[in-house]
Amino acid sequence: MIEERLLYKFRAESKLYMKGDVIFEEGGTPNFYYQLKEGKIKLNNFKEDGKEFIQNIFSEGQSFGESLLFIEVQYPMNAICLEDCQIISLPKTSFFDLMNEHPEVSFGLNKALSQRLYYKYIMLQNLSSTDPTTRMISLMNYLKSFHVKKEKYAFVVPFTRQQVANLTGLCVETVIRTSKKMVKKDIIRIKDRKIHY
DNA sequence: TCATTAATTCGCC
DNA sequence: GGCGAATTAATGA
């Protein structure tokens, strides 16, 4: 993320969005750098059959859409608010001005982009696996890697079953069935419907 | 508190 | 794995 002070210096604007609001859509032209100040958003696609696949879910402090600013393409996904959000947006030209004048910020951005890429590598490998247990475990491993507590069961998966399903490409029922199997194998625990890993 | 909606779970194919 | 129905949780009037 980029310091807010710096963003505003470059004419960034803060906007409020409601749950379910669309920030940008597949096919649209990327013109802004977005940074989440408050709330959660998802990047998703809808497959031919109408099913949703979630590319990623972001929360406070994370930026999104920036990787598309460097190349002349259209958005390959939608960005939708999962809850009410406050989002800071910076126009593309200002974004580049900022990058030019603050190379240290540019370096930080590289780091963030590398992190995204890493996630994609993990998930790509993940999706090629047919075993639902493997899919869920690699998603959880990834999520837990950001978590401070590394002890077993210390991490609570911050998603609903539905969201886990959409992130892994599994169906809800499979996520539920697989979760139960994993509880028996002592891989996870479930408390108040939340998955502890 | 009741009604509505979303999420979760279960049974059956 | 997918579908429909039952159950439970969350949200709002």
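Quick caveat, the model's predicted, so the values are computed rather than measured. Chain naming here is simple, since letters A, B, ... match the order of the sequence lines and numbering starts at 1 in each.
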Going by ring-ring contact (aromatic ring centres under 6.0 Å, His included), name the residues that satisfy it together with A:Y142, two or more places apart in sequence or in a different chain.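 A:Y119, A:F146.
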Can you sort out the partners of A:Q162 under side chain to side chain contact (heavy atoms under 4.5 Å, CB included), two or more places apart, ordered by chain and number?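 With sequence neighbours excluded, A:Q162 shows a side chain to side chain contact (heavy atoms under 4.5 Å, CB included) to A:T160, A:N166, A:V172, given in chain and number order.
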Which heavy atom in A:Y153 sits nearest to a heavy atom in A:D186, and how many Å separate them? OH-O, 2.8 Å
Applying side-chain hydrogen bond (donor to acceptor under 3.5 Å, both in side chains), which residue pairs with at least one partner in residues 93-113 of chain A are found, sequence neighbours left out? A:R11-A:S94, A:H102-A:E104
Could you run down nucleotides 8-13 of chain B 5' to 3' and tag each one B, S or - for protein heavy-atom contact under 4.0 Å? SBBBB-
Rounded to whole angstroms, how far apart are CE on A:M18 and P on C:dT11?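 Computing the A:M18:CE to C:dT11:P distance gives 16 Å.
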For A:E83 and B:dA6, what is the distance between atoms CD and P respectively, to the nearest whole Å?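 That distance rounds to 17 Å.
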Strictly by modelled atom types, are A:E25 and A:N78 linked by a side-chain donor-acceptor pair under 3.5 Å? no
Could you verify whether a donor N or O on one side chain and an acceptor N or O on the other, from A:Q125 and A:S138, lie under 3.5 Å apart?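 No, because no side-chain N or O of A:Q125 sits under 3.5 Å from a partner of the opposite role on A:S138.
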So do the side chains of A:I41 and A:I57 get within less than 4.5 Å of each other, counting heavy atoms only? no
Quick note, ring pair (Phe, Tyr, Trp, His ring centres under 6.0 Å) partners involving residues 52-84 of chain A, not counting sequence neighbours, are A:F24-A:Y75, A:Y34-A:F64, A:F70-A:F95, A:F70-A:F96
Given axes from five pairs at either end, by how many degrees does the helix from B:dT1-C:dA13 to B:dC13-C:dG1 bend, rounded to 10°?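 Answer rounded to 10°: the end axes differ by 10°.
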Between A:P132 and A:K19, which is nearer to the 5' end of DNA chain C once each is assigned its nearest nucleotide? A:P132
